[in-house]
Amino acid sequence: GAAALTPALAAAQTPDPLIVEKQEWTQYLGEGVNAKPYGVPSKFEKEVVRREVEWLTASRQSSVSFTPLHALDGIITPNGLCFVRHHGGEAEIDPAKHRFMINGMVDKPLVFTMEDVKRMPGRVNRVYFLECAANSGMEWRGAQLNGCQFTHGMIHNVVYTGVPLKAFLNEAGVSPKGKWVLAEGADASAMTRSIPLEKAMDDCLVAWAMNGEALRPEQGYPLRLVVPGWEGNMWVKWLRRVEVGDQPWAQREETSKYTDLLADGRSRQHTFLMDAKSVVTNPSPQAPLKSKGPNVLSGVAWSGRGTIKRVDVSMDGGRNWRTARIEGPNFPRAMARFYVDFDWNGQELMLQSRAMDDSGYVQPTKDELRKYRGSNSIYHNNGIQTWLVRPDGSAENVEVS
Amino acid sequence: GAAALTPALAAAQTPDPLIVEKQEWTQYLGEGVNAKPYGVPSKFEKEVVRREVEWLTASRQSSVSFTPLHALDGIITPNGLCFVRHHGGEAEIDPAKHRFMINGMVDKPLVFTMEDVKRMPGRVNRVYFLECAANSGMEWRGAQLNGCQFTHGMIHNVVYTGVPLKAFLNEAGVSPKGKWVLAEGADASAMTRSIPLEKAMDDCLVAWAMNGEALRPEQGYPLRLVVPGWEGNMWVKWLRRVEVGDQPWAQREETSKYTDLLADGRSRQHTFLMDAKSVVTNPSPQAPLKSKGPNVLSGVAWSGRGTIKRVDVSMDGGRNWRTARIEGPNFPRAMARFYVDFDWNGQELMLQSRAMDDSGYVQPTKDELRKYRGSNSIYHNNGIQTWLVRPDGSAENVEVS
Amino acid sequence: ADKVGLGRVALPEEIKAWDIDVRPDGVGLPDGKGSVSDGEALFQTKCSSCHGEFGEGAGRWPVLAGGQGSLKSDRPEKTIGSFWPYTSTVYDYIHRAMPFGEAQSLSPDETYALTAYLMNLNDLVPSDFVLSKENFPKNLPNEKNFYDDDRETTEKAFWKKDPCMANCKERVEITNHARILDVTPDDQKDDKDQKPSAGVE
Amino acid sequence: ADKVGLGRVALPEEIKAWDIDVRPDGVGLPDGKGSVSDGEALFQTKCSSCHGEFGEGAGRWPVLAGGQGSLKSDRPEKTIGSFWPYTSTVYDYIHRAMPFGEAQSLSPDETYALTAYLMNLNDLVPSDFVLSKENFPKNLPNEKNFYDDDRETTEKAFWKKDPCMANCKERVEITNHARILDVTPDDQKDDKDQKPSAGVE
Ligand SMILES: [Ca+2]
Ligand SMILES: [Ca+2]
Ligand SMILES: [Ca+2]
Ligand SMILES: [Ca+2]
Ligand SMILES: [Ca+2]
Ligand SMILES: [Ca+2]
Ligand SMILES: [Co+2]
Ligand SMILES: [Co+2]
């Protein structure tokens, strides 16, 4: 209610006991330096977790658990909070038992152990976003889930350490007939996706580390494919095999799924690239405003086509825009962080953000998208998101004209 | 032994059962997507932890737990593995109960809550290394601890989210008489350090997040000071107060400790800056070589003066050098990753790395350092590290002429 | 590019064990065959608990048959018969991923039989059909309706030089509010009866 | 720079509660006094279990007295008397951080007394000395030996244009090996009897 909205620079009348009384943590020793050889967050951060919305899927093993975007900042997604999308649950693989095969239209089919993989020259460290094409998919028909964790949380951004896939393909020797590769995982869904050879030989990585340490099990430990700027499903986890061929394989995940059914009944296939997109993460339904006066609007933007060039923010539902401040590292095909420092007068707001990338693409509205795609294409919803902020500071997912 | 050194491209004679037999993880469903709302590393990575060497200190609460550098890659240190150096154990602070005060030679002394702090305009995201001045301190007198985790592990590199300290000082209004600030923590050591006002107003940050999420409790949750390029002890954790004054306060941690006693009996004080330094993390005693043939030498480099410009690597104890490949993001006052792809013939190696920063400073040898400093200065040992690699692949901390 | 010499040559038995993919043109299909009726029996035992006796889907498990002609409707039903482009995908997917929880447990004959049954449920083959590598159909009815990504031409309007910054609309009205107000599973206010318009895909 | 107006003015009582620092010139010292003998009694009760009756250090806990003239030796002993520059630091630190585990529990009188005792242990004041704000000494004996960081001039040789890349030395010999070969606490081979030359500082 209004009482929660503290006016600026309220003067204290009486000394704050939290200052004038000695606090426990200032007097008594805390736990030792190695109480937790692998550290965990503060107990006061226990609400900052991935969340699954169980009624969205039939099974816990073919489902998604969303990144808590509303609670994060900067450009790195902490490893333990990176969204999870499985099709057969998490494969638990001893790296000593994992093998990586290259076969098909190659001079020599090869098998690598994890030690072999890590001995390959040309190791790289690259920051990339991974967004599932189904991110925001539930929002095509209208505002639905009330929180950016749920509307936009199938995304993360980490630093990958690995070796270009090209290096492995060159070891095997790619036949001139080769035009496509098939990447296959070792999990219970044996996930497979076809990737044009040109992309495979361009910037795809075979990665084993994220943000400095080994891939998390739910992110494909010990090995995953990285397909910069392209839909997350292609970034095969628990990568066991790459085959070179001359035609796409039309696997289930690129036919039944991950194709885009448009209003005329036809379907786009091979919609690999994730277009420019952004969302305001704070304020948002899970992160209400608490005070009038100075506030910081925060959000993230990304594009599979290149680098985020600019993000504009509107506070009146798209009538007027101002350019946000992009702050911190801003890499191609990676998440950028933007801020708007604003003064809130306690009145209703309709917050939107609009990303532009260096190809000149401008994030469209949901209406613009639906004009081209209808409402049943499920994937690639990169439309502008609107949050209604009420005078009490609470926020809600809405659509506007 | 020699049997462990597999020659290149050994041909398998019989099919690998790990391939021809269906593995469990490929057949049966793994755990669901939200089995761990806050994820943890694979059980197969259980050796990748911080380690304390208990006999180094009298108390677990005034001690250090080292970053496992030998097992990490890229440029980001995962939050749970960032080294820990406490003087009174870990303060456990409810952010709702934390207060941040600015007092002293200011127009208006102020108190901020955490909500106030996060509403400040001008939020930034910056990547910085934090190195304790005592890092490698045990190595002054000679090679001592057998592993880079222990010889060099008082360092981490993360993305901080926060607001420049300058903004808070401007809110209070700094008196023209002000020349220094004192930063004070809320832990049981009430850690205090004097910082020149010029540095405080330059790039110091008041930070609440690391790598996208809240500071870890052992890293100062909910608030810490960031003092880019300067010794880690100054980056006061559990930051509760900053006072403006006109003289340094000569606190215990800048007199009894963190001053550098030289051979002539005199001591340098105010040795704030961490000079250029590097270390090979792999191979190293905790990361032996396992195979002849292609191998990847990996290491990290950093400088408090600016950006790492170049890293040279020697494999013969400093007789001959080659320039390593700096790979991935390389920011000022942040850790850079370097690699050398090399072919190992199974013979003895003496590995060294030598960092150069953009000020023109070149990382010195330990002998060069000792010539200027003697062996009792404890702090600021940024000398070149040597690892002896034996024909069996094992590595050892040595010094060479 | 110079080869490094890491890894080792894969043996034929190893490739055979992992090379389970089937292409639209049938390359990758093993020898074998299976009838619609054999498939039906297998389906009842191994699949119907989730997918329903006739592939109609039980509970929230996927629907495998029907929906022909529904693609332009408000609620399209995308199944093997109404949507999938190729028969090869049916064989490939069933073998690599089904039953859910016992992946890669079906023999080639069983997989042919189940594929035949699913085709029959989708009115694509008669009930006496026996499917094999030799008579494996390539295209399914909806194949002709797939086309490659053309966003860069069809949606070229999204590449704008100067998007509007001021007075971009006369009025702004809220056209709809969040259907599911209380999503967080941690309190008891979740409206489980309020199904979302679409699940996770 | 424009002020934002966040935060609120700190009240005098609040500042007093946290403003516990003491500067070398004595600013920050509260009213109060304490004698060497009162300090000795307090020290035995509150401090000697760790620091020894005479500040000689018990076990691995820090030594607080002695070491005068040792700074140029092979094993310098750095204590209040042999090393610290200012008396103010003794007062400040004892009050803010000691006893270890009961920080900020000492009254001003107690802190003056303990400071006096530590000064006496270090032969800096006679045993009948009573320390107070009014007679608080500024410098300790080693104060004159501190000087500001001069690495940029003294060590300017480290700024080199072209460090050697080839044939940089005639010979390379190993001059010493790791003293503590087996550091990892997870197996039982740690040589606890082999103390390092220096602990963590
Ligand atoms: Ca194949
Ligand atoms: Ca709820
Ligand atoms: Ca509800
Ligand atoms: Ca003061
Ligand atoms: Ca051991
Ligand atoms: Ca031992
Ligand atoms: Co797509
Ligand atoms: Co220093």
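Numbered from 1 within each chain, the chains take letters A, B, ... in sequence-line order.
- The parts of A:Ala186 that come within reach of chain B are both its backbone and its side chain, each placing non-hydrogen atoms under 4.5 angstrom from that chain.
- Side-chain contact between B:Thr281 and B:Val300 is present, with heavy atoms from C-beta onward closer than 4.5 Å.
- Between the side chain of B:Thr67 and the backbone N or O of B:Phe83, at least one donor-acceptor pair lies under 3.5 Å.
- There is no side-chain donor-acceptor pair under 3.5 Å between A:Arg50 and B:Asn34.
- Ranked by heavy-atom pairs shorter than 4.5 Å toward chain A, the options B:Gly122, B:Gly185, B:Gly328 are led by B:Gly122.
- Using a 4.5 Å cut-off between heavy atoms, B:Asp116 does not touch chain A at all.
- The greatest number of non-hydrogen atom pairs below 4.5 Å with chain B, out of A:Ala214, A:Ala209, A:Ala188, is found for A:Ala188.
- Without hydrogens or angle criteria, B:Asn330 side chain to B:Ile326 main chain gives no donor-acceptor distance under 3.5 Å.
- If you measure heavy-atom distances from B:Gln219 to chain A, you find no contacts under 4.5 Å at all.
- Ranked by heavy-atom pairs under 4.5 Å with chain B, the list A:Pro329, A:Ala190, A:Ser189 is led by A:Pro329.
- Judged by distance alone, with hydrogens and angles left aside, the side-chain atoms of A:Asn211 form a donor-acceptor pair with the main-chain N or O of A:Thr77 at under 3.5 Å.
- Of the two parts of A:Phe331, only the side chain, counted from C-beta on, holds a non-hydrogen atom closer than 4.5 Å to a non-hydrogen atom of chain B.
- Interface remark: A:Ile19 contributes side-chain atoms only to the contact with chain B (heavy atom separation under 4.5 Å).
- For A:Glu52 against A:Ser59, the heavy-atom pair with the smallest separation is OE2-O, 4.4 Å.
- Nearest heavy-atom pair, A:Tyr221 versus A:Leu215, reported as atom, atom and distance to 0.1 Å: CD1-O, 3.1 Å.
- Heavy-atom distances place both the backbone and the side chain of A:Tyr38 under 4.5 Å from chain B.
- Here the closest heavy-atom approach between residue A:Lys118 and residue A:Arg123 is recorded as O-NH2, 2.8 Å.
- For the options A:Glu31, A:Arg240, A:Gln27, A:Arg337, heavy-atom pairs under 4.5 Å to chain B are most numerous at A:Glu31.
- Of the two parts of B:Val127, only the side chain, counted from C-beta on, holds a non-hydrogen atom closer than 4.5 Å to a non-hydrogen atom of chain A.
- For A:Met120, the part sitting under 4.5 Å from any heavy atom of chain B is the backbone (N, CA, C, O) and nothing else.
- For B:Ala35, no part lies near chain A; criterion is any non-hydrogen pair under 4.5 Å.
- Atom CG in B:Leu110 sits 7.0 Å away from atom CD in B:Glu171 (nearest 0.5 Å).
- Neither the backbone nor the side chain of A:Glu24 comes within less than 4.5 Å of any heavy atom of chain B.
- Residue with the most contacts toward chain B among A:Ser62, A:Gly74, A:Pro68: A:Gly74 (heavy-atom pairs, distance under 4.5 Å).
- Heavy atoms closer than 4.5 Å to chain B are found in the side chain of A:Val111, but not in its backbone.
- With a threshold of 4.5 angstrom between heavy atoms, A:Glu218 approaches chain B through side-chain atoms but not through N, CA, C or O.
- Interface remark: of the candidates A:Val124, A:Asp16, A:Leu72, A:Val124 forms the most heavy-atom pairs closer than 4.5 Å to chain B.
- In terms of heavy-atom pairs under 4.5 angstrom with chain B, the leader among A:Ile76, A:Asp73, A:Val49 is A:Asp73.
- Contact annotation for A:Phe44: both backbone and side-chain heavy atoms come within less than 4.5 Å of a heavy atom of chain B.
- Judged by distance alone, the side chain of B:Asn103 and the main-chain N or O of B:Met101 form no donor-acceptor pair under 3.5 Å.
- A distance below 6.0 Å separates the ring centres of A:His86 and A:Trp238.
- With B:Asn157 contributing its side chain and B:Ala334 its backbone, the two residues share no donor-acceptor pair below 3.5 Å.
- At a 4.5 Å heavy-atom cutoff, the contact between B:Ser42 and chain A is made by backbone and side-chain atoms alike.
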